[in-house]
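Worth knowing before you read on, the calculation uses all heavy atoms, side chains too, and leaves out hydrogens, waters and symmetry mates. For the single chain, residues carry numbers from 1 onward in sequence order.
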Amino acid sequence: MKRDFRIWLQICGFGFCLLLFTGCLPSPYYQNEESIPGNSWQYNYKPSFKFEITDTSYYYNLYFLIRHTAAYPFENIWVWVYTKQPGDTSFEKTRIEIPLAERSGKWLGRGMGEIYEQRLPISGNGYIFKKKGQYEIRFEQNMRVDPLPEVLHVGLRIEKAGQRNQ
């Protein structure tokens, strides 16, 4: 009887801790990832992410997500970021550098086995969406190698950062 009660307490304790820790993690406003075909990112493959903004009174943090293997041959990645606002017919184009490793070769981000995942800000300190509606963001790899090997997934994460003073 005591043993059954002890097991029950351990299960309840574990469940409580799990609920406590997962309940405290901020959930993203939007997050989506695209698999890179053949794990080799070609210039002409531009993953696209469409999302709806309904509240323009907030700052938003935008993150580039990347998952790669330990065999990725560079310490960084250069990416073209294309942004299209509601009602626009063309994209605004910006080039960014994403560091993936320290100069010593140690990978940044989280790793498990031979796979590493990283999330890096692409918007500075709080992006302002000026219009309500559907936005689209595309990513294009801009390295000197085509296709770029050992890239498994790329994605976009958006978090609400706080209310703006208007």
Check: residues 144-151 side-chain donor-acceptor pairs under 3.5 Å, at least two apart:
unit_1: Asp146; atom_1: OD1; unit_2: Tyr43; atom_2: N; d: 2.8
unit_1: Glu150; atom_1: OE1; unit_2: Thr69; atom_2: OG1; d: 2.7

**Over 12 non-hydrogen atoms of neighbours within 6.0 angstrom of NZ in Lys50** = no

When you group the ILVMFWY residues by side-chain heavy-atom contacts below 4.5 Å and let the links chain together, are [Y] and [X] in the same group?
X      : Y      : answer
Trp107 : Ile77  : yes
Tyr72  : Ile115 : no
Ile66  : Leu152 : no

**Request:** Verify, without hydrogens or angle tests, whether Gln42 (side chain) and Asn44 (backbone) share a donor-acceptor contact under 3.5 angstrom.
**Result:** no

Using a 3.5 Å cut-off and no angle test, enumerate the donor-acceptor pairs between side-chain atoms of residues 86-98 and protein atoms at least two apart in sequence or in another chain.
unit_1: Arg95; atom_1: NE; unit_2: Asn142; atom_2: OD1; d: 2.6
unit_1: Arg95; atom_1: NH2; unit_2: Asn142; atom_2: OD1; d: 3.2
unit_1: Glu97; atom_1: OE2; unit_2: Asn76; atom_2: ND2; d: 2.7

Among residues at least two apart in sequence or on other chains, which ones pass side chain to side chain donor-acceptor pair (under 3.5 Å) with [X]?
X      : answer
Ser123 : none
Gln118 : none
Glu34  : none
Tyr59  : none

**Asked** Under the side chain to side chain contact (heavy atoms under 4.5 Å, CB included) test, which residues partner Arg119, sequence neighbours left out?
**Response** Tyr63, Leu65, Arg157, Glu159

**Prompt:** Considering residues at least two apart in sequence or located in another chain, which fulfil the side chain to side chain contact (heavy atoms under 4.5 Å, CB included) criterion with Gln163?
**Reply:** Ser57, Tyr58

Could you check whether any side-chain heavy atom of [X] comes within less than 4.5 Å of a side-chain heavy atom of [Y], counting everything from C-beta outward?
X      : Y      : answer
Leu62  : Phe129 : yes
Lys130 : Thr56  : no
His68  : Leu100 : yes
Arg110 : Tyr116 : no
Leu156 : Asn32  : no
Tyr45  : Val154 : no

**Request:** If a pair satisfies salt bridge (charged side-chain N to carboxylate O under 4.0 Å, His left out) and one of its residues is in residues 70-83, list it, with sequence neighbours excluded.
**Result:**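 Matches after skipping sequence neighbours: Glu75-Arg103.
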
**Request:** Can you sort out the partners of Tyr30 under ring pair (Phe, Tyr, Trp, His ring centres under 6.0 Å), two or more places apart, ordered by chain and number?
**Result:** Phe51

**Asked** Could you give all pairs that pass the ring pair (Phe, Tyr, Trp, His ring centres under 6.0 Å) test and reach residues 138-162, with sequence neighbours left out?
**Response**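 Matches after skipping sequence neighbours: Phe49-Phe139, Phe64-Phe139.
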
**Asked** Parallel, tilted or perpendicular: which describes the rings of Trp80 and Tyr82, with under 30° parallel and over 60° perpendicular?
**Response**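 Tilted.
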
**Item:** Hydrophobic cluster (4.5 angstrom, side-chain heavy atoms) - remaining members for Leu108
**Value:** none

**Message:** Quick check: closest heavy atoms across Tyr29 and Thr54, and the distance to 0.1 Å?
**Reply:** OH-N, 3.6 Å

**Request:** Taking all heavy atoms of Asn61 and all of Gly126, pick out the closest pair and write down the distance.
**Result:**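 Closest pair (atom of Asn61, atom of Gly126, distance): OD1-N, 3.5 Å.
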
If you measure from [atom1] on [X] to [atom2] on [Y], what distance do you get to the nearest 0.5 Å?
X      : Y      : atom1 : atom2 : result
Ile53  : Tyr135 : CD1   : OH    : 6.5 Å
Glu117 : Arg67  : CD    : CZ    : 4.0 Å
Tyr60  : Arg164 : OH    : CZ    : 9.5 Å

**Prompt:** Ion pair present between Glu136 and Arg138, side-chain N to carboxylate O less than 4.0 angstrom?
**Reply:**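 Judged by the 4.0 Å cut-off on N to carboxylate O distance, Glu136 and Arg138 do form a salt bridge.
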
